[in-house]
Amino acid sequence: MEYLKQLNEPQALAVQTIEGPVMIIAGAGSGKTRVLTYRIAYLIEHGVDPFNILALTFTNKAAKEMKERIAKVVGTTEARNLYMGTFHSVFSKILRAEHEKIGFPANFTIYDSDDSKNLIKTIVIEMGLDDKMYKPNIVQHKISSAKNSLINSIAYKMNQEIQMDDLEARRPKIGSIYEKYTNRCFKASAMDFDDLLLKTYELFHKHPEVLHKYQHRFKFVMVDEFQDTNSAQYAIIKQLSALYQNICVVGDDAQSIYAFRGADIGNILNFKKDYPELKTYKLEQNYRSTKNIVSAANSVIGKNKNQLEKSVWTSNSDGNKIQVIKAITDNEEGNFVAQSIFGYRQNNQAANKDFAILYRTNIQSRAMEEALRRLNIPYRVYGGLSFYQRREIKDILCYLRLCVNHNDEEALKRIINYPTRGIGKSTLDKIIIASAEHDISVWEVLESIKTLDTGISPSVAKKVDEFKQMITGFETVVQQKNAFDAASFIASNSGLLKDLFNDKTPEGVNRYDNVQELLNGIKEFTVNSTNHKDGNALPRYMEDIALITDADKDEDDEKDRVTLMTIHASKGLEFPYVFVVGLEENLFPSQLSINSRDELEEERRLFYVAITRAMIQLTFSYAQSRFKYGNLIHSDPSRFLHEVDENYLDFSNAGSMQRTFLGKKTESEGLNLNSYSIPAHSHLKKVSIASKSTIKGDPVGLFKAGLEVQHARFGKGKIVSIDGNGDNKMATIQFEKDGPKKLLLKFAKLQVIRD
DNA sequence: CCAAAGATTGTCACA
DNA sequence: CAATCTTTGG
């Protein structure tokens, strides 16, 4: 019990309260992971069998890390028997084990959201509906939220309220699409992410004996990041812990940032109502950040109405104020941030990996990357297009998927004509129609392509049959070989590898390399799991891979690089130096959120998460204009900037970084935005780099009403107003000689005289 | 059936 | 802008 001495009072109480419902409200940086780890260790040391502990985490990586930490306290053997993982991975395992009860085969495919969207798109077209009204994204979102609220397609269609809502939204057919989608998934032996929860709930609901089994198995249930659970997840943990009531949830309502994908902050806010016996512990001491940072964060989150009462404090030193950087464009913002990192790094002996640049949207990484590259600062971008979503990776995975599960319709559609083998869209359509007519899976159509009346010509039918035989051949290989050998065999014998190899464009070479990387990953899996029964076979790899994300890949984290990620992805992490960039209205808070109080509060919580990632120094930045859809648009500073108590902010750099931009614009050498002076009290040294213009093309967005300008033909004039967007931006100018004129800024070649 | 040109659309976060 | 979808001509 040596470790109990490392804990403060509420932490120690939380660790030692092991029976009955417990809620741990863990403020940012309050040692949550430590408490979770020790609590599990404490359970085990008090005689609880690790087999009886279920711990649900937000990411696979979190589960893995926690397991390692627990292993250090209680030993590897004990730790290995813990049941730990994400909701999705834990429940997909249970569903595979209990597959007979739900009528699915054990080898069901997990459709990712692209697969779901494609299927929805197909169904909408097949039903002859207006695809403007029934956009895949919208329909998918509707189906997903229904599933997250435990409403299956039958209940959906019977629910009067929902039907009315859909009718009002002029989308009355959503229920029918949902129903067809469900049937189609079933026929394809596939589940989407939401099904993993919904079907688990239904399994437990319909089969009490199964529920009972797992209730006894998991006598102690712990849930991390409870603020981000949705109704389905909550319902399931309630089912599981109903018997023993040993349920411990850990979270921070102030960090609930996933409502957009169905997370219900009400789960944590109302938890006590469901468990009156609840013991609540609040971890309020922050060990991570300086006083300035903690106070700034508190001043922000205080603006939210909907929250549990708590006061986060720290005994750390005051630290520096939060630097605020103002830039003219997004590119300039990138330069300032990069230079700032350069300066901090030199003056504070900081390493690259001490820095993080956090942004609201992934696209913002580009300007940052360019600037970092220019200063030779190594970085790593997290998130963005996932490795597993890349075309070439998805292609090969679909081959593997089809080998493991013939019925996988989305996989079949994707690869039946890639590499091209003369089976085009019309043929595919005929196959799908036949599968609907005979109520058989698409694969079964292929099996009897020669006898069914599909309208496919014999010559094409022959090609289809050849494809079918190729896959059947692969299947034999899968059964006989380990995962790596089977995957390699399929990659080359499908022609896919050759197709990529023949593409000598840089992208083609890259794709080829990516496939090699995937195969290396499979190799690693094969080597690592040879001691497991059947663990080296492809089907097991496929089960794993569907729920793995890039964040789970433990890529050489040791490399000394600056971290670039979205704020969402940064949850749970900490960095000595943090830059929160793009603090502009309509970007952060996002324009989609500003019309609803709840959504705005979520954005504010997101801002809170961003602030609380920083340990030593926090920097905010914003640009006055940035490119969006190829147009330079004007941006106002974020309202969040004004919500931070100004006692904790340092605006001195915000002013000094402004250059007389417009005044310099006319010089033929181009722009030099890359040198600025830094106040004496700052850590930063003056940094100057030579670099080309940060603005691409004409900065037409920078003209404003009131400017005095010079035109080559019309002479001097004053801008009255600006209309239109992007290339069509037009200025009404009152010229001294020729009176008012309307000119396209793109062509006018105006020079600014004075503003 | 296919490649290339043209049109459209979207970008908010993710298991 | 860039990725994706649609149209068009061979």
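Every chain is numbered from 1, with letters handed out A, B, ... down the list of sequences.
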### Task
Kindly point out which of C:dC5, B:dA13, B:dA15 is positioned nearest to the side chain of A:K121?
C:dC5
## Note on the structure
A:R421 atom CZ is separated from B:dC2 atom P, nearest whole Å, by 11 Å
### Query
Of the nucleotides C:dC1, B:dC14, B:dA15, which has the atom closest to the A:Y629 side chain?
C:dC1
### Message
Side-chain N or O of A:T566 versus OP1/OP2 of B:dC14: is the shortest distance under 4.0 Å?
### Response
yes
### Task
Take atom P in B:dA13 and the same atom in C:dT4, then report the distance between them in whole Å.
14 Å
### Task
Determine whether any donor atom in the side chain of A:R261 lies under 3.5 Å from an acceptor atom in the base of B:dA13, or the reverse, and answer yes or no.
no
### Query
Are A:E601 and A:K303 ion-paired here, with the side-chain N under 4.0 Å from a carboxylate O?
no
### Query
Among A:Q233, A:Q255, A:K571, which one satisfies side-chain hydrogen bond (donor to acceptor under 3.5 Å, both in side chains) with A:D228?
A:K571
### Per A:R366 side chain, nearest of listed nucleotides C:dA2, B:dC12, B:dC14
C:dA2
### Message
Heavy atoms only, 4.0 Å cut-off, all strands: where does A:K571 land among base, sugar-phosphate and nothing?
### Response
nothing
### Message
How many whole angstroms separate atom CG of A:D114 from atom P of B:dT11?
### Response
12 Å
### Task
For the residue pair A:S144 and A:Q140, confirm or rule out a side-chain donor-acceptor distance under 3.5 Å.
no
### Message
Nearest to the A:Y258 side chain among B:dT11, B:dC12, B:dC14, which nucleotide is it?
### Response
B:dC14
#### Entry: Length of the line joining A:D192:CG and B:dC14:P, which is rounded to integer Å
18 Å
### Query
Closer to the 5' end of DNA chain B via nearest nucleotide, is it A:V460 or A:E602?
A:V460
### Task
May I ask you to say what A:S113 touches in the nucleic acid, namely base, sugar-phosphate or nothing, with a heavy-atom cut-off under 4.0 Å?
base
### Message
Does A:K463 reach a base, just sugar-phosphate, or nothing at all? Heavy atoms under 4.0 Å.
### Response
nothing
### Task
Please work out if A:T427 contacts a base, only the sugar-phosphate, or nothing of the nucleic acid, heavy-atom cut-off 4.0 Å.
sugar-phosphate
#### Entry: d(CD1, A:I110; P, B:dC14) in whole Å
19 Å
### Task
Report the nucleotide, chosen from B:dG10, B:dC1, B:dC12, that has the shortest atom-to-atom distance to any side-chain atom of A:S426.
B:dC1
#### Entry: Under-4.0 Å side-chain N/O to phosphate OP1/OP2 contact, A:N137 with B:dT9
no
### Message
At 4.0 Å (heavy atoms only), tell me whether A:F87 reaches a base, stays on the sugar-phosphate, or touches nothing.
### Response
nothing
## Note on the structure
Among B:dC2, B:dA13, C:dC1, the one nearest any side-chain atom of A:N417 is B:dC2
### Task
Starting from the 5' end of DNA chain B, give me the residue, A:I257 or A:L428, whose nearest nucleotide shows up first.
A:L428
### Task
Would you mind reading off the distance between A:K147 atom NZ and B:dA15 atom P, rounded to a whole angstrom?
18 Å
### Query
How close or far is atom C1' of B:dA15 from atom CD1 of A:I548, stated in whole angstroms?
10 Å
### Query
CG of A:D408 to CG of A:L412: how many Å apart, nearest 0.5 Å?
8.0 Å
#### Entry: Nucleotide B:dT9, atom C1' - distance to NZ of A:K132 in whole Å
9 Å
### Test: A:R96 cationic atom under 6.0 Å from A:F108 six-membered ring centre, within 45° of axis
yes
### Query
Does the distance from a Lys or Arg side-chain N to an Asp or Glu carboxylate O, for A:R626 and A:E333, drop under 4.0 Å?
yes
### Message
What's A:D112 touching, base or sugar-phosphate or nothing? Going by heavy atoms closer than 4.0 Å.
### Response
nothing
### Task
Could you tell me the separation between the CD1 atom of A:I423 and the P atom of B:dC1, rounded to a whole number of Å?
9 Å
